[in-house]
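Just below is one structure, and these are the notes that go with it.
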Amino acid sequence: LNIFLVGCGALGCEFLKYFSMLNVSTGHGSKLTITDMDKIETSNLNRQFIYTQKDVGEFKSKIAEKKTLLMNPKINIQSFIDEISKKNENKFNKIFWQKQDIVINALDNINSRVYIDSQCIIYNKPMIDSGTLGCKSHIQLIIPRKTSTYSDSIDSNEEQVPVCTIKLFPFKAEHCVEWAQEIFDKYFNKILKYLQKFFEGKEKFLSFLKKNDN
């Protein structure tokens with residue numbers, strides 16, 4: 001099979017592990033193509049198991065390619081560090097999309113997902129879309145002209161931002177605003193609520209803590 005895996009984060013690592021175990025893309029003329037424009041952060045290491053501390057600062061896709069070949073040297077794999085969007089259609093062009101047998105999304109970017117979804121419709125390619133956010137997870141199998149597409153039902157919580165992004169590498173003004181709101185809520189709302197319950201008496205306060213699993 002020719003497989004295009006977009007994203008080498010937590011889900012991408014799992015896909016690569018299973019591809020290695022199943023001998024995916026090891027036949028003559030087959031290829032596993034991966035791309036991810038992000039670099040490895042320390043905060044990734046607790047859930048993106050193929051990376052280690054010495055990989056921090058390197059591009060995820062480049063390290064993922066090396067680690068996949070260590071798991072299964074027979075896999076025909078090629079890595080890119082490019083965003084999947086209109087600006088890179090010279091690289092991910094008509095010929096590229098026509099060669100793919102299946103496309104797998106393992107990223108957290110809504111715009112890229114919508115774009116990839118549109119390309120799969122144009123070139124009639126099946127797609128697996130998956131994502132995680134905290135304890136929430138999502139998976140959708142999309143077969144053009146047979147199932148609904150990703151764009152037909154975009155997740156209603158798409159504005160939510162992963163905590164690790166806000167705390168460790170905020171890159172948008174909104175991330176800083178959300179961080180500030182959390183701190184404000186902690187010191188000027190939650191603490192005052194705790195004090196209010198505390199002054200209501202010992203029994204009520206202990207009951208309040210138990211309900212909050214604190």
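The number of heavy-atom neighbours closer than 6.0 Å to CD of Q98, taken from other residues, nucleotides and ligands shown, is above 12. In K31, the NZ atom is not crowded: 12 or fewer heavy atoms of neighbouring residues, nucleotides or ligands sit closer than 6.0 Å. Within a 6.0 Å radius of CZ in F49, other residues, nucleotides and ligands contribute more than 12 heavy atoms. The number of heavy atoms from other shown groups lying within 6.0 Å of CG (L22) is above 12.
Counting all heavy atoms, side chain and backbone alike, R113 lies closest to Y150 at CD-OH, 3.4 Å. Smallest separation of non-hydrogen atoms from I34 and A64: CD1-CB, 4.0 Å.
Classification of E83 and K87 as a salt-bridged pair holds, one side-chain N sitting under 4.0 Å from a carboxylate O. Using a 4.0 Å cut-off between a side-chain N of Lys or Arg and a carboxylate O of Asp or Glu, D55 and K67 qualify as a salt bridge.
If you check the side chains of T26 and N23, you find no donor sitting under 3.5 Å from an acceptor. Side-chain polar atoms of S30 and N2 form no donor-acceptor pair below 3.5 angstrom. No hydrogens or angles considered: a donor-acceptor pair under 3.5 Å links the side chains of Y115 and E89.
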Would S25 and N76 count as a side chain to side chain donor-acceptor pair (under 3.5 Å) here? Give the steps. CA-CA 6 Å; S25 300; N76 303 310; over 6 Å; no
Dump the intermediate steps for ring pair (Phe, Tyr, Trp, His ring centres under 6.0 Å) on Y194 and F205, then the final yes or no. CA-CA 8 Å; Y194 292 158; F205 184 62; 7.5 Å; no
Step by step, would you call T35 with I84 a side chain to side chain contact (heavy atoms under 4.5 Å, CB included)? CA-CA 8 Å; T35 189; I84 308 301; 3.6 Å; yes
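When I104, L11, T68 are each tested for a side chain to side chain contact (heavy atoms under 4.5 Å, CB included) with L5, only one passes: I104.
Considering only heavy atoms from C-beta on, Q53 comes within 4.5 Å of T42 through its side chain. Using a 4.5 Å heavy-atom threshold, the side chains of K94 and I122 count as separate. M37 is not listed as a side-chain neighbour of S61, based on a closest heavy-atom distance of 4.5 Å or more.
Between F4 and W97, the two ring planes are perpendicular [angle over 60°; tilted spans 30° to 60°].
Cation-pi geometry between K39 and F59 is met: under 6.0 angstrom from the ring centre, within 45 degrees of the axis.
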